[in-house]
Amino acid sequence: MSINTVSASGDMGQREEVAQQAGRLLYHGSAPCNYNRPSSYSNGGTAPIYGSTTLSSSVAYETNPCPCCKPMSTSRRAFCIMVTFDVLLLFVLWILYTQLSTYAGTFSKRFMKEVEGYDFKQSLFDIPLLSFWRFLVLIFSYAALNMRNPWLVALTTFGTCVFLLIKVFMFNFDEDLASGQNTLDYVLIIISFVVAWVECWFLDFRVLPEEKRAEIEARGAVLDERTSLLGRGDHRSIGGTETNDQYYSPYHTPHDSDDEEGSKRYHSIPPSSVNSRASSRNSNQLSLGSQEQEYQRLAGGLFATAMQLYENEEGWKLDNGDEKDLSSGCVYSKQLPELGGKFFKLKGVVNTTPQKGFEEIYFNTEDSPAWNPTVLESKILQVIDEHTDVLYNIAAEAAGGMVSARDFVNLRCWKEVNGMMISVSKGVTHPDMPEQKKYVRGENGPGCWVFKAVPGDPNKSEFVWIVNTNLKGWLPTYLIDQAMSGVLMDFFKYFNQRINYLNTLES
């Protein structure tokens with residue numbers, strides 16, 4: 001009896017230890033640097049049966065480690081090299097300036113006059129010192145501490161600009177200008193100003209976005225490796241009671257059907273954060289609020305516009321891609337002022353049926369950031385009915401960082417017409433997602449996705465995406481065109497890779 005008591009108490013202690021670690025992981029979002037596994041299986045023993053807790057800690061640790069433990073990215077190393085080059089370049093230029101100075105005497109005397117006899121109005125020794133100050137602050141912050149926000153580089157740039165503006169107004173240029181022999185004083189000040197802004201731009205628009213995309217891709221890779229363990233259900237929840245609303249049968253499956261053959265063709269679809277499609281299907285006859293009714297009315301009118309855009313092939317101009325090779329995708333554009341301005345059309349062929357391709361891109365949209373780096377976040381805000389919902393997503397920066405990330409709130413509605421899978425969408429407002437300070441809120445005009453079987457090959461689909469968007473902000477037209485064309489081509493590349501990966505899993 002005493003042995004059983006000791007064993008039970010030891011087992012309870014082990015469970016309590018695992019539970020405490022799981023709680024710390026949930027609270028902090030990642031495993032601490034000094035994380036130790038429970039002693040019962042740290043030395044080669046068998047892990048406890050809390051498989052989900054152990055797996056969750058593994059995923060959290062791999063995808064969100066402590067910042068001090070993350071390796072330095074290539075772009076961050078390039079930034080550190082740029083900062084080092086900045087201080088060396090300005091010191092060399094200052095030495096050349098001292099060599100060419102009109103002060104009398106040898107170089108050493110001129111050097112000492114610049115340093116020991118420093119005068120704010122006559123000496124430029126403060127320019128390389130300013131660069132050295134930037135070097136210390138930036139290297140310590142972004143190399144030693146591996147910081148992931150742009151505030152310190154913005155501070156050093158602002159401080160540099162203020163200092164140089166005061167220097168320009170107070171420095172005595174008359175002596176060098178009269179001699180006509182030394183113009184490096186102008187060069188020193190201009191280069192110091194330019195380099196400070198280049199460092200700020202490079203960190204904010206290159207380093208940090210690239211690292212964020214890399215983290216998203218890594219998180220997707222970790223989740224993909226565990227697909228067979230986690231499944232494609234709602235793996236976000238750790239505990240709680242399962243209900244029927246956690247599962248949703250594909251659109252073609254009759255209600256309460258247990259047809260195994262049909263269920264094998266489609267994955268389970270995660271519910272929205274507000275309500276599920278299963279619950280909305282069971283409450284179709286219930287009265288909807290005025291906002292939901294307006295969403296339904298708007299969605300109904302979008303189909304006529306979408307089919308008009310899809311069926312009218314005239315006037316589209318090829319912007320990107322090769323029409324002879326639709327497996328890589330093509331992007332067209334067309335001006336339609338009566339419908340909201342310039343429209344873009346992506347057209348390509350993917351190696352899947354219309355139903356499977358549509359399910360991956362439409363119903364599994366919340367999983368898309370794991371395989372599509374052009375999207376940072378995708379979340380269903382509200383399910384209106386079985387065919388209609390409101391989606392929020394954040395688009396990654398485009399055009400090499402010149403177009404910053406945008407977020408969108410779109411009404412979506414889908415329908416099957418003559419074997420074609422069609423989804424229409426348009427930008428709307430939603431009370432659960434007001435405009436965010438962190439992102440510029442873009443606005444999408446009427447658009448659609450269409451999947452149609454390729455004649456003679458039912459396992460291939462022609463995919464068309466028509467989009468009209470207002471990115472807001474003061475952006476030149478050529479930059480918007482470049483960004484949209486690039487984003488659409490990138491999306492098709494990643495979508496093709498995703499489809500090929502799913503085909504590999506099925507084979």
Side-chain angles (χ1 to χ4, degrees), residues 72-208 210-211 401:
M72 186 179 294
S73 65
T74 303
S75 57
R76 188 176 288 258
R77 286 198 299 270
F79 173 76
C80 294
I81 293 173
M82 180 186 299
V83 173
T84 307
F85 174 76
D86 168 22
V87 65
L88 294 177
L89 174 64
L90 288 175
F91 264 105
V92 169
L93 289 176
W94 173 75
I95 292 174
L96 292 176
Y97 164 78
T98 306
Q99 287 274 27
L100 298 175
S101 176
T102 56
Y103 300 145
T106 62
F107 167 73
S108 59
K109 291 183 178 180
R110 295 194 294 269
F111 182 86
M112 297 308 295
K113 182 175 178 60
E114 280 277 315
V115 178
E116 289 187 351
Y118 172 78
D119 186 341
F120 185 80
K121 296 183 179 180
Q122 294 184 351
S123 175
L124 288 179
F125 182 60
D126 46 18
I127 299 296
L129 286 182
L130 180 66
S131 175
F132 186 68
W133 168 72
R134 287 200 305 269
F135 170 82
L136 291 178
V137 172
L138 297 179
I139 291 297
F140 179 74
S141 303
Y142 297 106
L145 299 183
N146 206 14
M147 291 183 61
R148 296 183 178 266
N149 63 67
W151 299 116
L152 273 176
V153 73
L155 176 64
T156 58
T157 303
F158 176 77
T160 299
C161 292
V162 172
F163 180 87
L164 292 178
L165 284 174
I166 298 174
K167 187 77 173 180
V168 166
F169 282 104
M170 300 188 65
F171 187 72
N172 183 13
F173 293 94
D174 295 339
E175 186 176 351
D176 289 331
L177 186 62
S179 65
Q181 297 177 355
N182 192 359
T183 58
L184 282 179
D185 46 6
Y186 300 100
V187 175
L188 269 170
I189 293 175
I190 292 173
I191 289 182
S192 181
F193 182 84
V194 171
V195 170
W197 278 101
V198 170
E199 290 169 353
C200 183
W201 173 85
F202 189 79
L203 182 81
D204 198 17
F205 290 92
R206 290 284 186 176
V207 178
L208 299 182
E210 285 184 11
E211 290 180 344

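In this text, all values refer to a predicted model and were calculated from it rather than measured experimentally.
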With rounding to the nearest 0.5 angstrom, report the [atom1] to [atom2] distance, [X] to [Y].
| X | Y | atom1 | atom2 | result |
| --- | --- | --- | --- | --- |
| Leu145 | Ile139 | CG | CD1 | 11.5 Å |
| Ser192 | Trp197 | OG | CH2 | 13.0 Å |
| Leu136 | Ser131 | CG | OG | 9.5 Å |
| Asn172 | Gln122 | CG | CD | 6.0 Å |
| Leu208 | Arg206 | CG | CZ | 13.0 Å |
| Arg76 | Phe202 | CZ | CZ | 11.0 Å |

Kindly give the heavy-atom pair with the smallest separation between [X] and [Y], and that separation in Å.
| X | Y | answer |
| --- | --- | --- |
| Ile189 | Leu164 | O-CD1, 3.8 Å |
| Val137 | Thr156 | CG1-CG2, 3.8 Å |
| Tyr142 | Trp151 | OH-N, 3.9 Å |
| Thr157 | Ala196 | OG1-O, 3.2 Å |
| Val153 | Pro150 | CG1-O, 3.1 Å |
| Leu130 | Thr160 | CD2-CG2, 3.7 Å |

Side chains of Glu210 and Thr74, heavy atoms from C-beta outward: is any pair under 4.5 Å? no
Is any side-chain heavy atom of Cys200 closer than 4.5 Å to one of Phe158? no
Evaluation steps, side-chain contact (heavy atoms from CB on, under 4.5 Å), between Leu155 and Leu152: CA-CA 5 Å; Leu155 176 64; Leu152 273 176; 4.1 Å; yes
Residue pairs, two or more places apart or on separate chains, that pass salt bridge (Lys or Arg N to Asp or Glu O under 4.0 Å) and touch residues 162-172: Asp126-Lys167
Is the Phe120 to Phe163 ring centre distance short of 6.0 Å? yes
What's the verdict on side-chain contact (heavy atoms from CB on, under 4.5 Å) for Phe85 and Val195, showing C-alpha distance, side-chain angles and the deciding distance? CA-CA 10 Å; Phe85 174 76; Val195 170; over 6 Å; no
Test salt bridge (charged side-chain N to carboxylate O under 4.0 Å, His left out) applied to Asp86 - qualifying residues, sequence neighbours left out: Arg134
Exercise: do Glu114 and Thr98 side chains pair donor with acceptor under 3.5 Å: no
Take Phe79 and Leu138 through the test side-chain contact (heavy atoms from CB on, under 4.5 Å) and record every step on the way to the result. CA-CA 9 Å; Phe79 173 76; Leu138 297 179; 4.1 Å; yes
Sequence neighbours excluded, which residues qualify as side chain to side chain contact (heavy atoms under 4.5 Å, CB included) partners of Leu88? Thr84
Using 30° and 60° as the class limits, which term best fits the ring planes of Phe132 and Phe91: parallel, tilted or perpendicular? perpendicular
Fit a plane to each ring of Phe205 and Trp201, take the angle between them on a 0 to 90° scale, and name the class: parallel (under 30°), tilted (30 to 60°) or perpendicular (over 60°). parallel
Walk me through whether Leu203 and Glu199 qualify under side-chain contact (heavy atoms from CB on, under 4.5 Å). CA-CA 6 Å; Leu203 182 81; Glu199 290 169 353; over 6 Å; no
Among Leu90, Leu184, Leu188, the one residue meeting side chain to side chain contact (heavy atoms under 4.5 Å, CB included) with Leu124: Leu188
